[in-house]
Amino acid sequence: MPELPEVETIRRRLCDGRAGCPRLVGRRIEGAWVGWARTLAEPAPPVFRRRVRGQTIERIERRAKHLLLGLSRDTLMIHLGMSGSLHLRRGRDRGATPRVRTRIHRVAEDPVRYCRLSLRLGDGWRLDFDDPRKFGRVRLVSDPTPVLRDIGPEPLSRGFTAAVLAARLRDHRRALKSLLLDQSFVAGVGNIYADEVLHRAGLHPRLRADRVTPAQARALWRAVRAVLREAIRWNGTTFDQVYGEGDFQRHLRVYQRTGRPCRRCGTPIRRIVVGQRGTHFCPRCQVGSPR
DNA sequence: CACGAGACCTGTTCGC
DNA sequence: TGCGAACAGGTCTCGT
């Protein structure tokens, strides 16, 4: 579930606390369990366990798709990758939970089967980082800025103006779709929202960035902000039945709607591959294809 | 240096 | 029903 709107939704939920769950801010980390070593980008697990213990969670922020937990001394950076999710759970320590090997492994039968890393929070609570595909990364650093150094502007910030976007577009010849996915170009846009943004802007995913007119750049700027804002308002998009609270999926115009009618003109939505990513668009509404 | 391809992972769905 | 192929919300690294 992890593009900017999803990560922002998670951030807000962790800040506010939820029914039956404690707020994260103010809680002390009593210990850590690492189930898949590569989930922890840095430092090495023994150092991580020693260093994170005793620190208090003081604030929760987001930059691009990174969740930043400001601790007493360090910053815990969490990137959910493709399939990562966070869960406040109560019960026995994850590390002490006996592995029940049933014949048929179904996700629903073992909620912590994909838990890769866990923080003990006291009162029996823990924060579990689940990640079936193991693309997510957690790091504990004294200074998060080097990791975030090459990330582009936050699309919902004041500094991200239409003029800034237009100027940046001129520097690239790549397909718009690829460029929107590039985190150094603009922060937080992923495959779902890149497609949705381009449809809203009426621009073909393969349109070369340096051929975007000023009027088109402005339309793209509006679309990026409108789509991301709206997605946040609906708590993101999710296809997960268990945490099916992201309602933006009901507002998708092209993503995973191959063959279904465009909501604007009725033309069947097409799926192509751009930059090795599945790309959905309306061949009638979205102009500017090369050739 | 900008860009594209392959790698990293596991699970689910599709097509024959 | 079975089995391989294709596909899935994201970055990294490497070669051109």
Side-chain angles (χ1 to χ4, degrees), chain A residues 1-10 35-42 62-67 77-86 104-117 129-139 146-152 168-197 205-206 208-210 227-228 231-232 234-249 251-252 254-259 271-280 290:
Chain A
M1 43 142 90
E3 297 180 39
L4 188 154
E6 287 72 31
V7 179
E8 180 60 23
T9 298
I10 291 165
W36 178 255
R38 299 188 63 179
T39 293
L40 194 54
E42 64 177 310
R62 178 193 62 73
R63 172 77 171 101
K65 300 170 190 170
H66 295 265
L67 206 53
M77 308 180 73
I78 300 173
H79 194 298
L80 299 171
M82 202 82 123
S83 60
S85 56
L86 292 171
I104 304 162
H105 290 281
R106 296 266 305 285
V107 176
E109 292 173 13
D110 184 1
V112 294
R113 179 175 168 196
Y114 301 107
C115 183
R116 309 300 183 195
L117 187 146
F129 177 68
D130 294 5
D131 187 19
R133 290 182 70 181
K134 301 177 176 174
F135 287 161
R137 292 292 177 264
V138 173
R139 58 214 326 149
V147 178
L148 305 174
R149 192 192 55 200
D150 294 331
I151 295 177
R168 291 173 75 86
L169 285 169
R170 275 179 239 125
D171 294 336
H172 301 271
R173 303 170 165 213
R174 258 202 285 180
L176 278 182
K177 170 66 186 274
S178 302
L179 203 51
L180 286 175
L181 293 178
D182 187 337
Q183 298 301 293
S184 68
F185 182 75
V186 61
V189 177
N191 209 38
I192 297 175
Y193 299 111
D195 285 1
E196 294 300 312
V197 162
R206 286 205 172 113
R208 271 176 53 162
D210 58 351
V227 166
L228 294 178
I232 290 171
W234 292 106
N235 299 317
T237 305
T238 180
F239 306 100
D240 195 322
Q241 293 295 318
V242 183
Y243 311 99
E245 295 169 69
D247 285 328
F248 193 73
Q249 52 177 309
H251 300 260
L252 294 175
V254 286
Y255 187 77
Q256 286 195 349
R257 294 193 66 244
T258 309
R271 181 188 182 279
I272 57 176
V273 175
V274 180
Q276 297 164 275
R277 307 299 302 274
T279 298
H280 314 76

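The analysis underlying the following values was restricted to heavy atoms, covering all of them including side chains, and did not include hydrogens, waters or symmetry mates. Each chain gets a letter, A, B and so on, in the order its sequence line appears, and its residues count up from 1.
- Of the P atoms belonging to B:dG11 and C:dT1, the separation is 23 Å, rounded to the nearest Å.
- Side-chain contact between A:Val274 and A:Ser178 is present, with at least one heavy-atom pair separated by less than 4.5 Å.
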Secondary structure of DNA chain B in dot-bracket form (Watson-Crick or G-U wobble, distances below 3.5 Å, | marking inter-strand pairs): .|||||||.|||||||
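- In this entry the distance linking CG of A:Leu180 with C1' of C:dG9 reads 16 Å, nearest Å.
- A residue-by-residue look at A:Arg133 and A:His79 shows that A:Arg133 has its nearest nucleotide of DNA chain C further toward the 5' end.
- C:dT11 and B:dT12 have their C1' atoms separated by 22 Å, with the value rounded to a whole Å.
- C:dG4 sits 22 Å from B:dC9 when the P atoms are compared, rounded to a whole Å.
- In this structure, of B:dC8, C:dT11, B:dA2, it is B:dC8 that holds the atom nearest to the side chain of A:Arg38.
- A distance below 6.0 Å separates the ring centres of A:Phe248 and A:Tyr193.
- The phosphate of B:dT10 has neither OP1 nor OP2 within less than 4.0 Å of any side-chain N or O from A:Tyr114.
- Remark: A:Arg208 is not in phosphate contact with B:dA2, judged by side-chain N or O atoms under 4.0 Å from OP1 or OP2.
- Shortest non-hydrogen contact noted between A:His280 and A:Arg257 is CD2-N, 4.3 Å.
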Applying salt bridge (Lys or Arg N to Asp or Glu O under 4.0 Å), run through A:Arg113 and A:Asp130 and close with a yes or a no. CA-CA 8 Å; A:Arg113 179 175 168 196; A:Asp130 294 5; over 6 Å; no
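- If you measure from atom CD of A:Gln256 to atom C1' of C:dA6, you get 13 Å, rounded to the nearest angstrom.
- Going from the C1' atom of B:dC3 to that of C:dG9 covers 23 Å, rounded to whole Å.
- Here C:dT11 presents its C1' atom at 17 Å from CD1 of A:Ile78, a figure rounded to the nearest Å.
- The base of B:dA2 lies outside donor-acceptor range of the side chain of A:Arg174, with no N or O pair under 3.5 Å.
- One interatomic measurement links the two molecules: CD1 of A:Ile272 to C1' of C:dC7, which rounds to 16 Å at whole-angstrom precision.
- Put simply, A:Arg137 has no side-chain N or O that comes within less than 4.0 Å of OP1 or OP2 on B:dC8.
- We find that CZ of A:Phe129 is positioned 12 Å from C1' of C:dG10, with the value rounded to whole Å.
- Just one residue in the list A:Leu80, A:Ile78, A:Asn235 forms a side chain to side chain contact (heavy atoms under 4.5 Å, CB included) with A:Ile10, and that residue is A:Leu80.
- Nearest heavy atoms, A:Lys134 versus A:Ser83: N-OG, 4.4 Å.
- A:Lys134 has no side-chain polar atom (N or O) that falls below the 4.0 Å cut-off from OP1 or OP2 of B:dC8.
- Shortest non-hydrogen contact noted between A:Leu179 and A:Ala209 is CD2-CB, 3.5 Å.
- Atoms CD (A:Glu6) and P (C:dG9) sit 12 Å apart, rounded to a whole Å.
- Closest non-hydrogen pair, A:Leu181 versus A:Ala194, comes out as CD2-CB, 3.9 Å.
- Rounded to a whole Å, the NZ atom of A:Lys177 is 11 Å from the C1' atom of C:dG9.
- Centre separation under 5.5 Å together with a plane angle under 30° holds for the ring of A:Phe135 and the six-membered base ring of B:dC8, marking them as stacked.
- A distance of 12.5 Å separates CH2 of A:Trp234 from OG1 of A:Thr9, quoted to the nearest 0.5 Å.
- Looking at the side chain of A:His172, the nearest of the listed nucleotides B:dC3, C:dC7, C:dG9 is B:dC3.
- Remark: the A:Gln276 side chain and the B:dG4 base include no donor-acceptor N/O pair separated by less than 3.5 Å.
- Within the 4.0 Å cut-off from OP1 or OP2 of C:dG10, at least one side-chain nitrogen or oxygen of A:Arg277 is found.
- As rounded to whole Å, 10 Å separates atom P of C:dA8 from atom CG of A:Asp195.
- Each of B:dG11, C:dG9, B:dG4 was ranked by its minimum atom distance to the side chain of A:Ser178; first place goes to B:dG4.
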